[in-house]
**Q** 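So that we are looking at the same thing, I have put the structure below in structure tokens.
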Amino acid sequence: MLREFILNTITRLPNCFNRRLICLNGNPDLVYGPAYSRYRLFLKQTEPYFNNERQLLGAVNRAIRRIPYYRDIYGDLQVSSIQEFESTIQFIDKDLVTKHFDSFLNPDIDLRKCDWGTTGGTSGKPLRLVAPKSRYITELATMHAVWGRAGYDYHPRAVIRNHRLGKGVSYRINPITRELIFDGFRLEDSYFETIYRTIKDHNIHFIHCYPSTAYEFSRYLHRRNLDVSFIHAFLCGSENVFDYQVDLIRHTLGILFHHWYGHSEKLILAGYCRHTSEYHVEPTYGYFELIDEHGRVIRETGRAGEMVGTGFHNNAQVFIRYKTGDYAEYAGGLCPACGRRVTLLRNIQGRWSGSRIFNADGTFITTTALNLHSGLNAFIEGLQFIQERKGELRILIIRSHGYRKDHEKALHRHFREKFKKDMNIRIEYVNRLQRLSNGKFVQLITHVKDQ
Ligand SMILES: [Zn+2]
């Protein structure tokens, strides 16, 4: 509770105060505690290679013993090898978990003491997610290790994501997480100049943002021919990456572009290493499989399939062989550049995408930046954006039980403050969301050509 309180309130302190704190706080072990330090050490030791078969079999057999969904299907089965796992354990997905929500929860755990969230607004209907509070230790430690491959070592970093700052506020400082937080919704030259001057003055080497934001900011840096030698890397996640983004950032500007894949269910985490654009799947985080359309595991380089995860760090809500709906290409089991023996992937195509919604003046917001917080997400069953022309947006919503007038007001406020004042936003209630002609769901259906 204290930790949450500090994290929530500290950014409201004056920047001059936090600027001093951020310098004092140079040791992550002190901030995140001894469990974090121990886990970082474990990650360091297992970096070259980690055989996670024991973790997988342990997770599966524990699930069959304790979790109603698995107990009902598999009874007293004991899985003793990877082959047996692949031939007997069935896949699950978001729809199935939604339908049998309670039977994936651990009856031995007090769920009131867990963290509750939802999958982001990136898919039709959000799924409620539950995890123990201590989850942040493995999460942060693994994330920091992934960023470490881009040279990040708990440096102060700029964050340009989904924060909206008040009028006249250029940035805020969070001295605990060592973040300079910028407004993720003012992606225009005058504000880019503020960001540039601020990070240069503070000698910030790492910028944490969406790939689309990294690209827009890089276009500005390039146009103005600014000195970028102090920027070591963009740390980017949560969106698909396009070649034109990497070309500009890495090849034209010479800045390291580090991308990682993660997802709300937290079963798979994978990031680039310093020398390649291939995703290195972290074997301590969960058990990873890439499967073809028949559910067979892909082990041949160059073949593409769906990403499937089994988590190791959540005993409250247990997912075994969970189909993520994200796709990738298998790229081998050994990285010649860094020497790690881990599963490598390329061309990850996520459910999330960097689709743009345009204001009337041509500036835009990406759909990822519009994600709802879990409080609101719990009251809607589906969400989709339709944009016919710039400056206009229809938001289709499927209401859930308990949806009230207050929620509509909160939704209006949420979207209103992300766009320019003259944006025409209309909320419409529907029973089903729209599909593309090929039957695929996308969060944004747009008729604006500049995508
Ligand atoms: Zn590598």
Side-chain angles (χ1 to χ4, degrees), residues 39-53 55-56 138-155 157 205-211 214 231-243 245-251 253-263 266-290 297-305 307-310 312 324 326-350:
Y39 201 74
R40 276 304 295 266
L41 186 65
F42 164 70
L43 291 176
K44 188 95 209 121
Q45 288 161 345
T46 54
E47 188 174 357
Y49 175 65
F50 180 66
N51 181 348
N52 59 10
E53 182 173 345
Q55 275 69 18
L56 170 71
T138 47
E139 195 60 31
L140 270 180
T142 314
M143 199 68 244
H144 288 161
V146 167
W147 288 347
R149 327 241 193 260
Y152 179 81
D153 186 19
Y154 200 56
H155 297 81
R157 66 185 200 278
H205 305 315
F206 295 88
I207 304 173
H208 176 190
C209 59
Y210 302 125
I231 305 175
H232 293 184
F234 284 105
L235 305 173
C236 293
S238 317
E239 274 183 359
N240 291 324
V241 177
F242 300 97
D243 289 345
Q245 297 169 335
V246 181
D247 271 350
L248 174 71
I249 296 168
R250 187 177 278 177
H251 303 132
L253 291 178
I255 300 172
L256 189 66
F257 176 78
H258 183 268
H259 192 248
W260 77 89
Y261 166 88
H263 59 141
K266 294 190 169 61
L267 312 168
I268 304 164
L269 189 67
Y272 289 0
C273 74
R274 193 175 186 80
H275 320 278
T276 71
S277 301
E278 283 169 354
Y279 298 86
H280 297 45
V281 179
E282 294 301 327
T284 52
Y285 191 84
Y287 186 79
F288 174 81
E289 299 170 278
L290 194 68
V297 178
I298 291 172
R299 293 186 170 92
E300 302 86 40
T301 302
R303 280 188 66 199
M307 298 166 72
V308 173
T310 298
F312 292 158
T324 58
D326 297 328
Y327 291 80
E329 184 185 317
Y330 187 76
L334 171 70
C335 175
C338 68
R340 293 184 76 198
R341 273 176 66 198
V342 292
T343 299
L344 302 175
L345 302 171
R346 59 172 86 96
N347 295 329
I348 294 183
Q349 294 297 314

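When a ligand or atom number is given, it counts from 1 through the structure's own listing order.
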**Q** Identify each donor-acceptor pair in which a side-chain atom of residues 267-275 lies under 3.5 Å from a protein atom, sequence neighbours left out, and give them as a table.
**A**
{"from": "R274", "atom 1": "NH1", "to": "A150", "atom 2": "O", "distance (Å)": "3.2"}

**Q** Could you tell me the separation between the CZ atom of F234 and the CG atom of L253, rounded to the nearest 0.5 Å?
**A** 7.5 Å

**Q** Would you tell me whether Y152 and H205 have side-chain atoms, one donor and one acceptor, within less than 3.5 Å of each other?
**A** no

**Q** For the residue pair F206 and H232, categorise the inter-ring angle as parallel (less than 30°), tilted (30 to 60°) or perpendicular (more than 60°).
**A** perpendicular

**Q** Can you give the donor-acceptor pairs under 3.5 Å from side chains of residues 335-345 to other protein atoms, not counting sequence neighbours?
**A**
{"from": "R340", "atom 1": "NE", "to": "E47", "atom 2": "O", "distance (Å)": "2.9"}
{"from": "R340", "atom 1": "NH1", "to": "E282", "atom 2": "OE2", "distance (Å)": "3.2"}
{"from": "R340", "atom 1": "NH2", "to": "E282", "atom 2": "OE1", "distance (Å)": "3.1"}

**Q** Would you mind counting protein N, O or S atoms that sit less than 2.8 Å from the Zn ion (ligand 1)?
**A** 4

**Q** Using the side chain to side chain donor-acceptor pair (under 3.5 Å) criterion, which residues pair with Q45? Sequence neighbours excluded.
**A** none

